[in-house]
Colleague: 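My questions will all concern the structure given below.
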Amino acid sequence: MSTLLHILSQKFQTAILSAFPEWDPNTPLPLEISQSTQAQFGHYQCNSAMKLAKVLGAKPRDIATRIIEHVDVNLEGIRLIEKMEIAGPGFINITLDPAYLSQKLHRILLDSHLDIELPQHKQKIIVEFSSPNTAKELHVGHLRSTIIGDSLARLFEFLGHDVLRLNHIGDWGTAFGMLIAYMKQKTPHVLDGTEKTDLQHLVQWYKKSKERFDSDADFKKTSQLEVVALQGGDPAALKAWEIICDISRKAYQEIYDLLDVKIIERGESYYNPMLADTVADLEAKGLVTLSDGAKCIFLEGFQNREGASLPLMVQKSDGGYNYDTTDMAAIRQRTLEEKADRIIYVTDAGQSLHFQMIFQAAEKAHYLDASKVRVDHVPFGLVLGSDGKKFRTRSGETERLIDLLLAAVKHADQLLIERSPEMPKEEREKLAKTLGIAAVKYADLACNRTGDYTFSYERMLRFEGNTAAFLMYAYVRVAGIKRKINPALKIEELKDPIVLEHPSEISLAVHLAQFEEALEQVASDLLPNRLTEYLYGLAEKFNAFFRDCRVEGSPQQNSRLQICEIVAKTMKQGLSILGVQTVERM
Ligand code: ARG
């Protein structure tokens with residue numbers, strides 16, 4: 001990786017080692033370089049002098065002076081560092097040189113991958129997200145999973161990895177027995193394929209079948225026989241199950257299409273043939289204990305509220321398998337067969353404990369070597385309504401996702417009617433769809449996912465502040481400048497150098513050079529809000545530049561046009577990683 005942070009870290013490491021040859025090579029170097037948070041402290045800071053001083057028994061400011069004397073300020077024949085200043089107890093403030101920045105910007109302009117190198121070793125990365133449950137509606141929790149997971153998948157795809165996007169649908173289990181039994185009696189024509197229906201009906205039948213299961217002993221017996229038939233591979237039961245899955249799948253696909261999300265369905269049923277063998281393998285490895293007839297794995301550090309040990313249960317006392325079994329089989333398949341280098345599970349925070357247990361059990365079973373394969377549960381908080389309670393529709397029912405998305409599009413359309421009454425209807429409706437979906441996605445990604453977030457159409461559709469519209473508008477502004485100056489101009493072909501003079505111009509250039517750093521950060525902590533913050537900063541810095549530096553008709557027009565173009569490229573790419581589309585006019 002060639003981020004500025006890496007380059008500077010290397011340079012300072014070399015400088016420190018040559019400034020202090022007495023440093024014990026077995027002691028790790030306290031190397032601390034970070035982006036400066038305020039312009040008056042330069043662009044980067046090195047905070048190592050204080051820690052070095054403690055070990056070396058010298059004054060931090062003297063140490064800082066010696067470090068500075070040893071830093072090579074050039075990079076491949078170009079001046080990288082303009083100046084270094086010592087501040088406070090011994091911070092070194094680093095200011096980058098416009099010569100380097102100009103060259104870096106030029107490379108970004110000419111490279112379709114924005115001067116971000118592809119990895120030497122592609123990783124196989126599994127991102128498991130969305131994962132609704134068959135015969136149930138997707139709910140807002142699944143929406144968050146879909147938006148966050150899709151964005152992480154897009155990031156790793158852009159970074160050049162081999163990404164497998166998996167939809168771990170809850171499509172298997174004993175509940176299907178009731179539903180099939182119910183439908184055989186009440187809606188036989190749906191099951192023989194002659195009558196079409198939709199997910200909303202399925203959800204109702206599911207509820208009714210549950211009621212009967214709980215109140216009617218005969219129906220309960222029939223349902224249980226239906227489960228046995230399904231698990232035994234009985235063709236009629238399997239066909240009924242497939243029809244139920246198909247109806248659900250169609251409803252989910254409608255949402256994925258609207259969100260422009262690609263995902264491969266690999267539900268729980270996929271792992272069904274592997275369950276018995278997985279349990280046998282866990283037993284052979286001595287990990288299984290019988291507890292009240294159920295096969296359990298007891299792990300260190302997991303207790304329930306009463307302080308009793310909390311096990312993973314891999315086989316129930318009646319011989320049935322469950323959620324835990326499937327996740328053990330899945331992680332085994334993903335590491336050993338898929339040969340994943342990294343596995344990411346995006347679900348609500350309520351499942352954190354479950355995944356911690358799965359990861360620990362997988363390590364014990366040697367399905368997972370945590371020194372080679374990185375596994376992450378990516379948890380997220382609740383979606384709240386304006387009342388601060390769990391998000392619900394007026395009727396009090398949990399919101400149907402498709403209605404929520406369509407409502408966002410409608411709100412966007414209303415807003416556009418007010419803002420641009422002259423816009424032709426067709427264009428406006430198209431834009432409303434892009435904007436409405438963008439607003440929903442961005443609002444979710446822009447808050448730290450570990451917290452709850454409050455859903456508000458009004459707030460997410462604002463044109464000011466950290467919103468999709470504000471960033472999309474920055475892109476539109478650049479498109480407007482280009483159209484005004486010369487729509488046919490090929491900016492990449494301009495031969496003029498990029499000259500960085502005005503402080504707003506330099507500040508924007510530094511920010512542009514930091515795009516890769518922002519992406520690297522998200523790849524490591526899996527917090528997409530780092531990228532939204534970066535892009536919000538980009539829009540603000542661009543607006544400041546545009547206010548302070550005239551583009552059209554100025555002597556620097558061609559240099560500044562190139563800067564504008566890099567802003568547009570970066571914004572488009574960044575938004576695309578968030579799953580947000582850009583438009584040329586708004
Ligand atoms: N279907 C589950 C739910 O709706 C999420 C599945 C999460 N993935 C997993 N491997 N357990 O809560």
Side-chain angles (χ1 to χ4, degrees), residues 125-150 152-153 163-176 179 199 202-203 206 241 244-245 248-249 251-253 255-256 261 263-272 274-275 278 297 302 310 312-314 321-338 340 342-363 365 367-368 373-383 390-391 398-401 449 526:
I125 303 182
I126 295 180
V127 186
E128 190 217 271
F129 64 99
S130 197
S131 310
N133 301 310
T134 299
K136 293 190 187 156
E137 297 279 1
L138 252 95
H139 55 64
V140 281
H142 296 122
L143 172 69
R144 290 207 79 181
S145 173
T146 307
I147 292 173
I148 297 167
D150 176 54
L152 295 176
V163 178
L164 183 59
R165 301 158 158 257
L166 293 185
N167 199 353
H168 193 84
I169 296 188
D171 64 353
W172 196 249
T174 46
F176 290 102
L179 184 56
L199 182 57
L202 216 53
V203 171
Y206 184 87
W241 171 74
I244 292 169
C245 289
S248 312
R249 188 176 292 133
Y252 304 152
Q253 195 54 46
I255 292 166
Y256 299 141
V261 166
I263 190 161
I264 295 172
E265 181 179 328
R266 195 182 275 182
E268 293 181 13
S269 63
Y270 178 88
Y271 304 95
N272 190 41
M274 309 167 201
L275 301 181
T278 301
I297 304 179
F302 295 99
L310 194 68
L312 272 181
M313 192 193 287
V314 291
Y321 303 115
N322 58 21
Y323 197 59
D324 291 352
T325 327
T326 307
D327 267 322
M328 286 306 290
I331 199 165
R332 184 187 190 204
Q333 194 273 342
R334 290 168 186 182
T335 52
L336 303 181
E337 267 178 52
E338 296 291 348
R342 191 167 177 178
I343 311 173
I344 292 167
Y345 297 80
V346 189
T347 80
D348 62 282
Q351 302 200 34
S352 293
L353 198 63
H354 167 75
F355 284 107
Q356 282 172 36
M357 294 174 83
I358 293 290
F359 298 163
Q360 203 189 101
E363 275 200 77
Y367 298 163
L368 171 68
V373 176
R374 176 170 167 186
V375 290
D376 284 284
H377 173 230
V378 172
F380 53 80
L382 298 173
V383 182
K390 220 171 147 183
F391 191 84
T398 307
E399 177 96 357
R400 278 182 75 222
L401 207 50
R449 60 168 165 74
L526 306 174

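Just follow the structure's listing: the first ligand is 1, and inside any ligand the first atom is 1. What you see is a predicted model; the values in this text were computed from it and never measured.
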Colleague: Checking ring pair (Phe, Tyr, Trp, His ring centres under 6.0 Å) between H168 and each of Y271, F355, Y345, which is the one that passes?
Modeller: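 Of all the options given, the one that passes is Y271.
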Colleague: So which heavy atom on S131 is nearest to which on N167, and how close?
Modeller: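 Nearest pair, atom of S131 first, then N167: N-OD1, 2.7 Å.
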Colleague: Can you name the residues that form a side-chain contact (heavy atoms from CB on, under 4.5 Å) with A349, not counting sequence neighbours?
Modeller: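 If we apply the side-chain contact (heavy atoms from CB on, under 4.5 Å) test to A349, skipping adjacent residues, the hits are S352, P379.
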Colleague: Quick test: of every protein heavy atom, which one is nearest to atom 8 (N) of ligand 1, and how far off is it to 0.1 Å?
Modeller: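 The closest one turns out to be E128 OE2, 2.7 Å.
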Colleague: If we only count heavy atoms from C-beta on, is the I358 to H354 side-chain gap below 4.5 Å?
Modeller: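 The answer is yes; the side chains approach within 4.5 Å.
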Colleague: My understanding is that only one of N133, L202, L138 makes a side-chain contact (heavy atoms from CB on, under 4.5 Å) with S248; could you say which?
Modeller: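 Of the listed residues N133, L202, L138, the side-chain contact (heavy atoms from CB on, under 4.5 Å) partner of S248 is L202.
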Colleague: Check whether any N or O atom of R334, backbone or side chain, sits under 3.5 Å from an N or O atom of ligand 1, and answer yes or no.
Modeller: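 Looking only at distances, the answer is no, because the N/O contact criterion of under 3.5 Å is not met.
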Colleague: Using a 4.0 Å heavy-atom cut-off, say whether N133 meets ligand 1 through its side chain, its backbone, both or neither.
Modeller: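 Under 4.0 Å from ligand 1, N133 contributes side-chain atoms alone.
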Colleague: Against heavy atoms of T347, which atoms of ligand 1 measure under 4.0 Å?
Modeller: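 Those qualifying, in numeric order: 7 (C).
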Colleague: Looking at atom 10 (N) of ligand 1, what's its closest protein heavy atom, distance included?
Modeller: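 Going atom by atom, the protein heavy atom closest to atom 10 (N) of ligand 1 ends up being D327 OD1, 2.7 Å.
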Colleague: Residue-level breakdown please: for I169 versus ligand 1, do any non-hydrogen atoms fall below 4.0 Å on the side chain, on the backbone, on both, or on neither?
Modeller: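 The answer is neither; I169 stays 4.0 Å or more away.
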Colleague: Provide, to 0.1 Å, the distance between atom 4 (O) of ligand 1 and the closest protein heavy atom, together with that atom's residue and name.
Modeller: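 Protein heavy atom with the smallest distance to atom 4 (O) of ligand 1: H142 NE2, 2.9 Å.
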Colleague: Heavy atom of E268 under 4.0 Å from ligand 1?
Modeller: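 Contact check E268 vs ligand 1: negative.
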Colleague: How would you list, by chain and number, every residue that makes a side-chain hydrogen bond (donor to acceptor under 3.5 Å, both in side chains) with E128, sequence neighbours excluded?
Modeller: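 side-chain hydrogen bond (donor to acceptor under 3.5 Å, both in side chains) list for E128, sorted by chain: R334.
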Colleague: If you look at every heavy atom in Y252 and A135, which pair is closest and at what distance?
Modeller: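 Looks like OH-N, 4.0 Å.
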Colleague: Looking only at protein heavy atoms, which one is nearest to atom 12 (O) of ligand 1, and what is the separation?
Modeller: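 Atom 12 (O) of ligand 1 sits closest to the protein heavy atom Q351 NE2, 2.9 Å.
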Colleague: Check F355 against ligand 1 and report side chain, backbone, both or neither, counting heavy atoms closer than 4.0 Å.
Modeller: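 Under 4.0 Å from ligand 1, F355 contributes side-chain atoms alone.
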Colleague: Within the 3.5 Å criterion, strictly below it, is a donor on N272 or S269 matched to an acceptor on the partner's side chain?
Modeller: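 No pair is found: no donor N or O on one side chain lies under 3.5 Å from an acceptor on the other.
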Colleague: Under 4.0 Å from a heavy atom of Y323: which atoms of ligand 1 are those, numbered in the order shown and with their elements?
Modeller: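 The list of qualifying atoms is 2 (C), 5 (C), 6 (C), 7 (C), 8 (N), 9 (C), 11 (N).
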